[in-house]
There are 4 protein chains.
Amino acid sequence: MGIHERKQREKEQRRKQIMEAARKVFSAKGFSRATMEEIAGQAELSPGTIYLYFKNKEELHTSLSINILEYITAQMKKFINRDDIDAEAKMHLLKDTFMNVYEYDPMVLINLFHLQSGETLQNLSDEVLDELKQTSSEALSAITSVANEGISQGIFVAKHPVALADIIWATYSGVVLWVDSKRLLNNEKDFVKQTLDIAFEIMVNGFKVK
Amino acid sequence: MGIHERKQREKEQRRKQIMEAARKVFSAKGFSRATMEEIAGQAELSPGTIYLYFKNKEELHTSLSINILEYITAQMKKFINRDDIDAEAKMHLLKDTFMNVYEYDPMVLINLFHLQSGETLQNLSDEVLDELKQTSSEALSAITSVANEGISQGIFVAKHPVALADIIWATYSGVVLWVDSKRLLNNEKDFVKQTLDIAFEIMVNGFKVK
Amino acid sequence: MGIHERKQREKEQRRKQIMEAARKVFSAKGFSRATMEEIAGQAELSPGTIYLYFKNKEELHTSLSINILEYITAQMKKFINRDDIDAEAKMHLLKDTFMNVYEYDPMVLINLFHLQSGETLQNLSDEVLDELKQTSSEALSAITSVANEGISQGIFVAKHPVALADIIWATYSGVVLWVDSKRLLNNEKDFVKQTLDIAFEIMVNGFKVK
Amino acid sequence: MGIHERKQREKEQRRKQIMEAARKVFSAKGFSRATMEEIAGQAELSPGTIYLYFKNKEELHTSLSINILEYITAQMKKFINRDDIDAEAKMHLLKDTFMNVYEYDPMVLINLFHLQSGETLQNLSDEVLDELKQTSSEALSAITSVANEGISQGIFVAKHPVALADIIWATYSGVVLWVDSKRLLNNEKDFVKQTLDIAFEIMVNGFKVK
DNA sequence: AATGAATGAGTTTTCATTCAT
DNA sequence: AATGAATGAAAACTCATTCAT
């Protein structure tokens, strides 16, 4: 391994270290109440160093979201081309993927929402915005392929193939955010996953040909 | 009308004037980039005056959200007790209610989301938090009553009566937020309502007994 | 009584009402944390009305202090010319006068201190400043006369007749402020008066010819 | 000297720089009319920098007072254990210590008074409050030791040993504040020290066994 | 490459005071 | 005379970002 490659790898390593710290702090505090100083402290680095790896707070947060999207996409790619199960089974595996992410860190999807607010999108550089579009699009097309498979198998209704993926995604995110806020308001704890389960079941049922 | 009543009405009027100005500014800038000074300017008042009517920025924003929730609830109450239509028809009227709100100001529902994030809920006074809980609960119980009606009519599946209202609300909100962000990302403008329509259709279908 | 006199009396009445309210609020909050609105509320008047009777917050506070000085002076005048007791006995009556004021409202003397800070004196109108000087001077000359009497009776040392009154006053005020702050710091409650007693005893002893 | 030690020293240096600037501004304007911006300007720093070293305005002011108390205590410690002079001589050295502080900056003792008002004590962090209590207590115990020495030498009256230190301190502070305000009121300048001298003499005389 | 002290623009918030009614 | 809603200047404080070392 050449010296250049080692440097490159170290650089990548440092990025991950910062992003992991940022994930923790954003999870605990939310975007606006998280401070760069606290993220730096968590990463055991100085504030200035973060700016060597990320243009600003906004892009650090977005990079994090892209990362999660990439993880989700990678997980989904593991099963979307399997031949031994049908589209409905794959829909349940999609659900499990989301579930895993939620279990890993319940806030990550809420943070994805922050990203989606128009307030944020405007502050991103074209470069990062393109990367975001690309990653989003990959994640969605994985879902779309499952939906289309279901349609071609005659399991799912064929009316709105394009919208299916969006709706699955949106439903999932909406439910996560909603039940999480209810949990906060009511101090009820373990019902997020049950609700997600039910919501998903209903949604899949809605897609089905009767 | 006594002098006291007139004063009271003027006071109420001034609150509305501020809230209307705040709605515009929050819509255009989002919560954190909106400034109290700009809201004051929009309302043609001085910054100090706003603090005579709202304790702080957070509570002004929350009052706005409560207002929208109240409006939604009021709209729904107009038809939930009608005898001449069935639960499925009422589900479509629910959809129309959300649609109207979105058309009035696409940001208002996104603002509702801002409110629901745990980040925000912690800064509210107990008083406003109670009002919020109360209003949320009213809106949800209106939806619940439609869901229950559908179940007792044998139209909707009876498995998860409690969760239905939450899921309807969450799905709707999630879809609004999602498509709105897509609109921003892709500069596609008019597909929000179509997507909402489809999402709703699928969801209702999912509730149905097969 | 003519209409003019009645008006005059009502005006005087209203001034007293405001000053009594102000005394309570200044006592509870201190000068800078007391607000005109709270004083108005306590007086069951509106903020604007206070400004019909007092030029500003500073002068309201000073008027209060002048009032207390006048009360102290009036009390002292009751005994300084008595023939049946000597100067040392009169010194003890001076102490009782201070004690009474402290018992009536422990904060009034601390508020007198606020007045004495250079920070405040500069904001007063010449008129009020003159009144303050006049009243202070009367209070001091009462004390001075006791000190001089003691000197001419051969009881007190004659070295510094002019300074005696100042020192008595200053000692008294300093001790009040000091013990009051100690009370706050240590949560000890009932030692203020004992300490005052001792301080006074020592001071009088210091004046005495040996 | 290691790099860490140098940094530490620079930091300490910066604190002193800010405190010196604050002392000047508080002296000239008093606590409430002094602004952080002006202090920053005086220190040739930006406002934000001050907040790196002091939590808020209140604590900056208190730190200043603690500093003065520490200085006073240090001065007193230089002579309280000397064997070659008696307690009365030490009382005069105590006086000189106060005198020096007053000559250095007449406002510093008045600032100590600001600190002692209950109004202020409530805004301090527990940490700073503890430091203040500690430092006050040290200063007082230095005085107490002189008083006790005088009692055991049969020079001072033994009746109230505990209160002696408080009374000495309170008397001194009261006189400083009082004469200073007189100076302001009457534009008489140089009589503060004379008055202090006399006050002290009388007080010491009051302590003496006759 | 990493630091972290310093920046300073930007915001929220307060409250004595005014003035139209 | 009294009101009290409105003012708006002023101030404390925050924190993303920079840059000399």
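Residue numbering restarts at 1 for every chain, and letters A, B, ... go by the order of the sequence lines. Treat the numbers as computed from the prediction; the structure is a model and nothing was measured.
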Compile the donor-acceptor pairs under 3.5 Å between side chains in residues 42-54 of chain D and protein atoms, sequence neighbours left out, one pair per line.
unit_1	atom_1	unit_2	atom_2	d
Ser46(D)	OG	Thr49(D)	OG1	3.2

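Ring-plane geometry between Phe31(C) and Phe26(C) is classed as parallel, the angle between the planes falling under 30 degrees on a 0 to 90 degree scale with a further cut at 60.
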With Watson-Crick and G-U wobble geometry limited to distances under 3.5 Å, how should the secondary structure of DNA chain E be encoded in dot-bracket form, using | for bases paired to another strand and [ ] for crossing pairs?
.||||||||||||||||||||
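Among all heavy-atom pairs drawn from Ile39(A) and Ile18(A), the shortest one is CG2-O, 4.4 Å. Between Ala34(B) and Lys57(B), the shortest heavy-atom contact is O-NZ, 2.8 Å. For the residue pair Met19(D) and Leu64(D), the shortest heavy atom distance occurs at O-CD1, 3.2 Å.
The span of DNA chain E lying next to chain A, judged by atoms under 4.0 Å from heavy atoms, is bounded 5' to 3' by dA2(E) to dG4(E).
The stretch residues 35-46 of chain B comes close to DNA chain E through Thr35(B), Met36(B), each having a heavy atom under 4.0 Å from the strand.
Remark: Glu10(A) engages Arg6(A) in a side chain to side chain donor-acceptor pair (under 3.5 Å) (not counting sequence neighbours). Judged as a side chain to side chain donor-acceptor pair (under 3.5 Å), and not counting sequence neighbours, the contacts of Arg14(C) are Gln17(C).
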Before giving the answer on side-chain contact (heavy atoms from CB on, under 4.5 Å), spell out for Thr135(A) and Asn67(A) the whole-Å C-alpha distance, their side-chain angles and the decisive distance to 0.1 Å.
CA-CA 9 Å; Thr135(A) 318; Asn67(A) 214 239; over 6 Å; no
Report the C-alpha separation of Leu129(D) and Thr62(D) in whole Å, then their side-chain angles, then the decisive distance to 0.1 Å, and conclude whether the side-chain contact (heavy atoms from CB on, under 4.5 Å) test is met.
CA-CA 9 Å; Leu129(D) 197 60; Thr62(D) 303; over 6 Å; no
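By the 6.0 Å contact criterion, CD on Glu37(D) is open, its count of non-hydrogen atoms from other residues, nucleotides or ligands being 12 or less.
Taking 4.0 Å as the cut-off between side-chain N and carboxylate O, Glu12(D) and Arg9(D) do not count as a salt-bridged pair.
With the nearest nucleotide of DNA chain F identified for both Pro47(B) and Leu52(D), Pro47(B) has the one nearer the 5' end. In this structure, Lys57(B) and Thr49(B) both approach DNA chain E, and ranking their closest nucleotides by distance from the 5' end singles out Lys57(B). Mapped onto DNA chain E by nearest heavy atom, Lys11(D) and Tyr51(B) fall at different nucleotides, with Lys11(D) at the one closer to the 5' end.
Within the nucleic acid shown, Phe54(D) has no heavy atom closer than 4.0 Å to any nucleic acid atom.
Between the NZ atom of Lys29(D) and the P atom of dA10(F) there is a distance of 12 Å, rounded to whole Å.
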